[in-house]
Amino acid sequence: MALDAAAPGLPDQVRGIVAAIMGVGPAEVAEDASPETLAAWDSLRHMKLILAVEEAFGLRLTDSEIVSITDLQSLVTLVRRKRGGGA
Amino acid sequence: MSSSLTTPMTLTVFPPLADIEAALAAPGSVQLEPLRLAVLREITVEPIDTYLRCLARRSHMEASVAFGGVSRLVEETVGGAAYLTGDLDAVLVFAPLAALSPVLSCGLAGMGRHDLRTELDRIETLFHSVLAGIRRQTDAMILWHGLEPPLYPTFGILDVQRPDGQTAAVAALNAALRAAAGAVAGAYVVDMAACLARVGGAHFYDPRYWHLARAPYTPRALAEIAAEDFRFIRALRGKAKKCLVLDADQTLWGGVIGEEGLSGIRLGGAYPGSAFVEFQQEVVSLFHRGVLIALCSRNNDADVWEVFDHHPDMVLRREHIAAWRINWRDKATNLRELSEELNIGLESMVLADDSEFEAGLVRDQLPDVAILQLPAGEPVEYRRSLAACGHFDVLAITDEDRTRSTMYAAEAARRRARSDVVDLGSYYRSLGMTLEIGRADEFSIPRIAQLTQKTNQFNLTTRRYGEADILRFVRSADHEVLWVRVTDRIGDLGIVGACVLAYAGRRASIDTFLLSCRALGRGVERRFLVEALHLSRARGAEVVQGEYIRTAKNAQTETFFLDNGFAEVERAAGADVRTFELQLERVPPRELGHFAGVSSPLAIPVG
């Protein structure tokens, strides 16, 4: 099930995935969420998050793209770029 | 319960990871049994916990998954780890070749024969020490994930020709692992080669995360592996199915027998009849594995039996069929009757049907019955659907399973005998039943463990045990494990009951007391109890305590202890846990009753 990346709610879709994987409510995932601000965001959940995002959007990130993801913002930007939605 | 967590047609079809996590966060609507898993590993496999918890929920369990440290397999097993000493149901071990032996994985071409042998020996020793280390700490079931065959073996096309190739090395290690696990009760090898083959190499490995996080497997691979693990876990927890109920038209053959007649239906020969033959062969394989086969079809009785008796390409025969309902009534009523006739719960039945309408109706009215929806119009897929469903996996196939067919035929003969006699006492005597009661040994342990896993109805406490648990009881000075075997003039029913007694000073308590449904209604349970009580008295006990723990299935045992002279001493959790006691000076005498013979470890013969 690939989500529609062109939809205006892309950041919210990614946020929903972050919330589900970290096991918190969507409201707890702030726009600037990162491993520093969210206690549940450890390295293992980070891996699971990226796998879940790839699965949800039908993407495959390269290893260098994976290591460039450090927080919610960089994840959203990358997903948007990979889906051809511009920066 | 969210739809993400309900069982789809195929075990390994999952929604996206994030959807499963969201659904798991919502509270379940039914009572969930706890399932405690530990993962020991040389690698990162964390995303598997999402699939494990999802599969647990589909079987009405709530899984907790504890992970050991990455690359600390030997340290935590041989040395010990706190999370292995608590209550655990299963320990999952992940140690693929790349982690276990980088040199065999990537450097085999440069190894001499001597070095190769040394390395294989080292890993074989590791298998034994890790298994022993786990067993020292817990009796939980051990699921060791075997080694996958290499996708591109070291010596290329020559590898498979060479006794010192990578392919041969992996095969040798898997054989060593099989032998090592075979020597440890309750340890099993999970077939990773089969998981890899089903998913395909291109979708099984993720080199990015192997290098980033020592995580070799893709989510799809982990889903397949988790599903394979759950075949073991469901069997351990008594959730394996016992009976396959088959529709006839469009399931066993193509077409409608009532309309097209014996020569008109598609069965045998070339396509499409060949697909139905293949499906029937799979059904007969299940029959030989001890699964009961039943028919439930909207048809005229005579039409269906005409195919069984006269169609030259029928693989399935009358003697494979334990019970049938061939009539025009609704399937739900028929399934209920079949469950009563076969004395098994609806939750032990699987209905295979090509009609979505019929399947939907049964799903609505009898949610406990599992549905194997055959892909309508695609008989070529039937066999795979049945083989892949995983409903019938058990941890051991015992002699009792292999001879079940004969037993059910004999049961039909017994039913006929019953209608010839008037009172129950003379019916029992007419059976010429003998009971043999014994203490558990290496031959009976697999069957006893299986009985604790499969028996739902006549089971006072419904405690599920693996072979390792039973072995621990047998070796313990404070426990005694008894079995009962029934033979009558029509046949041998095999070991049908088990009892676990725990001793503390002058007190004995009945940890487990159960009888297979196949032996119910013959007075066996009462006589077996009396013998167990005498055995505990002979060991010095003065008081015996019995316990009834209510489940959805065991209501018929609630008054068993009261009916046999025990007095109730305590009620807890409403009346869901009831405790009873009997002073052994009041134990009923050992009598033959309606049995032709009773033997037991007590030296003095009966009667």
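The sequence lines fix the lettering, A, B, ..., with proteins before strands; numbering per chain opens at 1.
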Any Lys/Arg nitrogen of Arg45(A) or Glu21(B) sitting under 4.0 Å from an Asp/Glu carboxylate oxygen of the other?
-> no

Top contributor to chain B contacts, counting heavy-atom pairs under 4.5 Å, from Val18(A), Val67(A), Leu61(A) | Leu61(A)

Working to the nearest 0.5 Å, report the span between [atom1] of [X] and [atom2] of [Y].
X	Y	atom1	atom2	answer
His211(B)	Asp63(A)	NE2	CG	8.5 Å
Thr44(B)	Lys48(A)	OG1	NZ	13.0 Å
Arg214(B)	Met47(A)	CZ	CE	13.0 Å

Non-hydrogen atoms of chain A under 4.5 Å away: do they reach the side chain of Ala213(B), the backbone, both or neither?
->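 For Ala213(B), side-chain heavy atoms alone lie under 4.5 Å from chain A.
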
Closest contact, heavy atoms only, [X] versus [Y]:
X	Y	result
Arg60(A)	Asp206(B)	NH2-OD1, 4.2 Å
Ala18(B)	Ala52(A)	N-CB, 4.3 Å
Leu51(A)	Pro47(B)	CD1-CG, 3.8 Å

Heavy atoms from other residues, nucleotides or ligands near CD of Glu356(B) exceed 12 (cutoff 6.0 Å) |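 No, the 6.0 Å shell around CD holds no more than 12 heavy atoms from other groups.
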
With side chains defined as the heavy atoms from C-beta onward, is the minimum distance between Glu55(A) and Thr218(B) less than 4.5 Å?
->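 Of all side-chain heavy-atom pairs linking Thr218(B) with Glu55(A), none is under 4.5 Å.
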
Side-chain contact, heavy-atom cut-off 4.5 Å: Ile50(A) with Tyr209(B)?
->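 Of all side-chain heavy-atom pairs linking Tyr209(B) with Ile50(A), at least one is under 4.5 Å.
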
